[in-house]
Number of protein chains: 2
Amino acid sequence: MLERLRDAGLRPTRQRLALARLLFEGGNRHVTAEQLHAEARREEIAVSLATIYNTLNQYRKAGLLREVVVDSGRSWFDTNLEEHHHFFHEATGALTDFEAEGLAVEGVPKAPAGTEIDRVEVIVRLRDPQ
Amino acid sequence: MLERLRDAGLRPTRQRLALARLLFEGGNRHVTAEQLHAEARREEIAVSLATIYNTLNQYRKAGLLREVVVDSGRSWFDTNLEEHHHFFHEATGALTDFEAEGLAVEGVPKAPAGTEIDRVEVIVRLRDPQ
DNA sequence: TCAATTCTTTAGAGTTGTTCTAATCTAATT
DNA sequence: AATTAGATTAGAACAACTCTAAAGAATTGA
C-alpha cells in the first residue's frame, strides 16, 4: 500500500494509508465521500471530510480510482480499474459492475473535429418490474 | 404548445407556456436550469429560478423532456425524445447528441433479480487530442 | 359572469454535496 | 535536529437544488 502511494507520487501519510486500506484491500468497491467518511469513523480512523475529498480526488488523478457519474448531485468512486460498465438501480441508488467482456458497442460515430474519444461508457438503468 | 401542456395534465400558465416555447420551438436542445433561467431573463420573461426547476421536473415527469446525467453537480435536460446517445466533452462541458441508428450494443447482461432494464445509455466521453 | 376553489408562482430560507482558506501539523530532506 | 515542503483540519464559502408559506392566476360551477 505504501509502495502504491509512493508510486503515485503521494506521500504515504497516516490518513492516506488508512483510506487506501479501506478502499483497496478486500475487493472492488463503490463509495461516495460520505460513505467513506462514515466508514473511517466506525473504524476509529480520524480523518476530516475535507481530507476524504482531497484523497479521493488525488487517487482519481493518480489513476487508482475512477469516478462514476450516474446520479446527479453525488459522486461515486470505483476501485475497479478493469474495463467494465454499470447497472444503476434508480429506485435504490444501487450501483453494480458488469464486465465489459461479452459486451460489444458497435457503430460509435467518430469523435467531433478537434476531439478524440476518451472512453465509451455504458450505463444500464434499472427499474422495479412494472 | 397549449395543447401539449394540457395533454400532459399541466395548466398552461404564462410561465409554462413561455418556457415551453423556449424549449420546444426551434429544434432539439440541451439546457441546465441556470441556462434556461438566464435565457428567459434575456427574453424578458419574468420567471423565478424555483419555477424553472419545477417546470423542468414537471416536463420530465410528463415525458416532454429527458434528464441526462453526465456531469456530477449539474443536471442537463434534453428535448430530444428519440432514442439517441451522447458525446460529452469533459474539457468544455459540451453535450451533443448522436443518433442511436447505426449503434449496436450487444451482450448486455440480464437485469439482476427483481429489476428490469429501463434503458441502456451510452456516453462517449471526449478529450482534447493529446 | 363572478365567486369559490384549486393549483401555481415567488422570494427567500434551508439543505446537500463539495471546495476553499489559512492555521496547524507531519513527512521528507539537509 | 532543523528546515522545508507538503498534508490535514475545522469551519466558512459555494453551487445546485428543494422547501415554505404567502400571494397570485387558472379553472369550475352556479
Side-chain angles (χ1 to χ4, degrees), chain A residues 1-22 30-41 43-62 64-65 67-78 93 95, chain B residues 1-22 30-41 43-62 64-65 67-77 90 93 95:
Chain A
M1 226 29 90
L2 213 129
E3 284 305 291
R4 218 192 303 195
L5 293 181
R6 285 237 171 78
D7 291 354
L10 297 170
R11 279 193 189 172
T13 63
R14 195 169 347 96
Q15 292 84 340
R16 293 211 271 232
L17 271 167
L19 295 177
R21 281 194 201 101
L22 290 181
H30 301 114
V31 293
T32 65
E34 281 297 348
Q35 280 172 7
L36 187 59
H37 192 220
E39 190 174 332
R41 187 172 287 277
E43 307 275 329
E44 319 223 322
I45 299 160
V47 196
S48 72
L49 189 56
T51 297
I52 300 274
Y53 278 104
N54 289 340
T55 303
L56 286 170
N57 283 316
Q58 289 151 357
Y59 288 1
R60 174 175 51 75
K61 281 176 200 152
L64 300 172
L65 282 178
E67 190 173 355
V68 183
V69 179
V70 276
D71 202 359
S72 109
R74 183 192 326 278
S75 269
W76 289 89
F77 293 87
D78 184 351
L95 183 64
Chain B
M1 226 28 92
L2 213 131
E3 284 305 289
R4 219 191 305 195
L5 292 181
R6 285 236 170 80
D7 291 353
L10 298 170
R11 278 190 190 175
T13 63
R14 196 169 345 95
Q15 292 84 341
R16 292 212 271 235
L17 271 168
L19 295 177
R21 283 194 201 103
L22 290 182
H30 301 113
V31 293
T32 64
E34 280 297 349
Q35 280 173 8
L36 187 58
H37 191 218
E39 190 174 333
R41 187 173 287 280
E43 306 276 327
E44 319 225 318
I45 299 162
V47 195
S48 72
L49 190 54
T51 297
I52 299 276
Y53 278 105
N54 290 340
T55 303
L56 286 171
N57 284 316
Q58 289 153 356
Y59 288 1
R60 175 177 48 74
K61 281 176 199 151
L64 300 173
L65 281 179
E67 190 172 354
V68 183
V69 178
V70 277
D71 203 359
S72 108
R74 185 192 328 278
S75 270
W76 288 89
F77 293 87
E90 313 261 4
L95 182 65

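Throughout, a chain's letter reflects where its sequence line sits, starting with A, and its residues are numbered from 1.
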### Task
Classify every nucleotide of nucleotides 23-30 of chain C by which part a protein heavy atom approaches to under 4.0 Å, writing B for the base, S for the sugar-phosphate alone and - for neither, in 5'-to-3' order.
---SBS--
### Summary
Counting primed atoms, P, OP1 and OP2 as sugar-phosphate and everything else as base, the B/S/- map of nucleotides 16-23 of chain D against protein heavy atoms under 4.0 Å is SBBB----
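Taking the side chain as every heavy atom from C-beta outward, B/L5 and B/Y59 approach each other to under 4.5 Å.
With rounding to whole Å, A/K61 atom NZ is found 14 Å from D/dA7 atom C1'. One can place CD of A/Q35 at 16 Å from C1' of C/dT18, the figure rounded to the nearest angstrom. One interatomic measurement links the two molecules: CG of A/L19 to C1' of D/dA7, which rounds to 13 Å at whole-angstrom precision. Distance B/R41 CZ to C/dT10 P: 11 Å, rounded to the nearest Å. Distance A/R60 CZ to C/dT18 P: 12 Å, rounded to the nearest Å. The nearest whole Å value for the distance from the CG atom in B/L10 to the P atom in C/dC7 is 13 Å. Per the geometry, CD1 belonging to A/I52 stands 12 Å off C1' belonging to D/dT9, to the nearest Å. Distance, B/R16 CZ to C/dT10 P: 11 Å, rounded to whole Å.
Atoms CD and CG, from B/E39 and B/L22 in turn, are 5.0 Å apart once rounded to the nearest 0.5 Å. With rounding to the nearest 0.5 angstrom, the CG atom of B/D71 is 9.0 Å from the CG atom of B/L95. Once rounded to the nearest 0.5 Å, the distance linking CG of A/L17 with CG of A/L2 reads 5.5 Å. To the nearest 0.5 Å, the span separating CZ on A/F77 from CG on A/L56 amounts to 5.0 Å.
Applying the ring pair (Phe, Tyr, Trp, His ring centres under 6.0 Å) criterion to A/H37, with sequence neighbours excluded, gives no partner residue. For A/E34, the salt bridge (Lys or Arg N to Asp or Glu O under 4.0 Å) criterion is met by no residue, not counting sequence neighbours.
Residue pairs that meet the side chain to side chain donor-acceptor pair (under 3.5 Å) test with at least one member in residues 47-57 of chain B, sequence neighbours left out, are B/S48-B/T51, B/N57-B/R60. Within the structure, side chain to side chain donor-acceptor pair (under 3.5 Å) pairs that include any residue of residues 4-18 of chain A comprise A/R16-A/Q58 (at least two apart or interchain).
Contact check, B/T51 against C/dT9: no side-chain N or O comes under 4.0 Å of OP1 or OP2. The side chain of A/Q15 contributes an N or O atom lying less than 4.0 Å from OP1 or OP2 of D/dT9.
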